Amino acid sequence: MGYLGNQITTVFPTSISVDTATIATANISNQLTDANMSPGSILQTVQSTTTTAVEQTTQHVFVDTGLTATITPTSSSSKIMITYTIHQFVTSSLGAGGSRLLRGSTSIRDYGYGGYFGSSTAMYTNTHQHLDSPSTTSATTYKVQFYTNGYRLICNYSSYVSTITLQEIAQ
């Protein structure tokens with residue numbers, strides 16, 4: 001018998017059971033929480049961007065790119081996947097530069113010099129990833145710095161958008 005022309009008196013049941021979770025009148029028991037997510041699950045994502053150009057000509061002196069982001073892990077066993085992309089403009093065929101990732105004021109990964117040989121001026125995009133184990137539930141700030149071999153290097157040139165993304169990974 002169809003419902004056409006008939007009044008529907010019950011749209012939703014008052015209780016639904018699915019395996020071990022019970023939903024009864026808007027109360028949820030045995031719900032998924034960050035603490036019981038499967039290892040490898042992404043618990044949260046934070047992203048920051050910048051388009052502000054930063055220039056450096058002094059050899060091997062670290063300069064902030066303007067990329068910084070803060071995440072507060074929900075568990076001290078969580079790992080943080082950091083992915084950043086920076087756009088660099090070099091003004092010499094002999095120019096080279098690198099970047100490093102910091103947790104707070106501590107360098108946790110140096111990506112070394114990358115050569116930009118072959119062109120008098122060129123734009124380069126560099127993307128790096130690092131899986132960090134901060135072992136804390138306190139707010140943790142990550143930032144990216146860059147450096148040059150002494151030739152003019154500009155980060156975030158011409159309003160290119162550079163990004164840093166932090167993802168908390170359950171363990």
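Treat the numbers as computed from the prediction; the structure is a model and nothing was measured.
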field: Heavy-atom pair with the smallest gap, counting every atom of Tyr84 and Ser99
entry: OH-OG, 2.6 Å
- prompt: Who passes side-chain contact (heavy atoms from CB on, under 4.5 Å) against Thr85, sequence neighbours left out?
  reply: His87, Thr125, Thr127, Thr163
task: Would you please name every residue forming a side-chain contact (heavy atoms from CB on, under 4.5 Å) with Ser38, sequence neighbours left out?
output: Ser41
task: State which residues pass salt bridge (Lys or Arg N to Asp or Glu O under 4.0 Å) with Arg109; sequence neighbours excluded, sorted by chain then number.
output: none
Donor-acceptor pair between Glu168 and Ser78 side chains, under 3.5 angstrom: yes
query: Members other than Ile42 in its cluster, when Ile, Leu, Val, Met, Phe, Trp, Tyr link by side-chain heavy atoms under 4.5 Å?
result: Met81, Leu131, Ile169
query: Any luck finding a side-chain donor-acceptor pair between Thr52 and Asn156 under 3.5 Å?
result: no
message: As an exercise, state the distance from NE2 of His130 to NZ of Lys79, rounded to the nearest 0.5 Å.
response: 9.5 Å
Closest non-hydrogen atom pair between Tyr151 and Thr148, with its separation: O-OG1, 2.6 Å
message: Quick one about Ser135 and Ser133 (side-chain donor to acceptor, distance below 3.5 Å, no hydrogens or angles considered), yes or no?
response: no
Side-chain polar contacts of residues 137-145 - donor-acceptor pairs under 3.5 angstrom, sequence neighbours left out - could you list them?
| from | atom 1 | to | atom 2 | distance (Å) |
| --- | --- | --- | --- | --- |
| Ser138 | OG | Thr136 | OG1 | 3.4 |
| Thr140 | OG1 | Ser138 | O | 2.9 |
| Thr141 | OG1 | Thr70 | OG1 | 2.8 |
| Tyr142 | OH | Asp132 | OD2 | 2.6 |
| Lys143 | NZ | Asp64 | OD1 | 3.2 |
| Lys143 | NZ | Asp64 | OD2 | 3.3 |
| Gln145 | OE1 | Arg100 | NE | 2.7 |
| Gln145 | OE1 | Arg100 | NH2 | 2.7 |
| Gln145 | NE2 | Asp64 | OD1 | 2.8 |

- line: In short, Leu153 meets Gly97 closest at the heavy-atom pair CD2-CA, 3.9 Å
message: Side chains of Pro73 and Ile80, heavy atoms from C-beta outward: is any pair under 4.5 Å?
response: yes
- prompt: What residues, two or more places apart in sequence or in another chain, satisfy side-chain hydrogen bond (donor to acceptor under 3.5 Å, both in side chains) together with Thr65?
  reply: none
query: Mind checking whether Phe89 and Tyr124 sit in one hydrophobic cluster, side chains of I, L, V, M, F, W, Y counted as touching below 4.5 Å?
result: no
Side chain to side chain, Gln88 and Cys155, heavy atoms closer than 4.5 Å: yes
message: Is there a side-chain contact between Leu101 and His128 in this structure, where contact means two heavy atoms from C-beta onward sitting under 4.5 Å apart?
response: no
query: Any sub-3.5 Å donor-acceptor pair from Gln44's side-chain atoms to Thr72's backbone N or O?
result: yes
- prompt: Taking C-beta and beyond as the side chain, do His60 and Asn149 meet within less than 4.5 Å on heavy atoms?
  reply: no
field: Transitive ILVMFWY side-chain link Val90 to Val63, under 4.5 Å
entry: yes
Side-chain heavy-atom pair Ile154, Val54 within 4.5 angstrom cut-off: no
message: Would Tyr147 and Gln56 count as a side-chain contact (heavy atoms from CB on, under 4.5 Å) here? Give the steps.
response: CA-CA 7 Å; Tyr147 55 95; Gln56 176 62 310; 5.6 Å; no
- prompt: In this structure, are over 12 heavy atoms from other groups packed under 6.0 Å from Tyr160 atom OH?
  reply: no
Check: Ile164 and Ile82 side chains under 4.5 Å, non-hydrogen atoms: yes
message: Quick one, Tyr157 and Met123 - any side-chain contact, counting heavy atoms below 4.5 Å?
response: yes
message: Tell me whether Ile108 shares a hydrophobic cluster with Leu67, the cluster being built from Ile, Leu, Val, Met, Phe, Trp, Tyr side chains joined at under 4.5 Å.
response: yes
- prompt: Among side-chain atoms of Thr165 and Gln47, is any donor-acceptor pair under 3.5 angstrom?
  reply: yes
query: OG/Ser107 to CG/Leu102 distance, rounded to the nearest 0.5 angstrom?
result: 5.0 Å
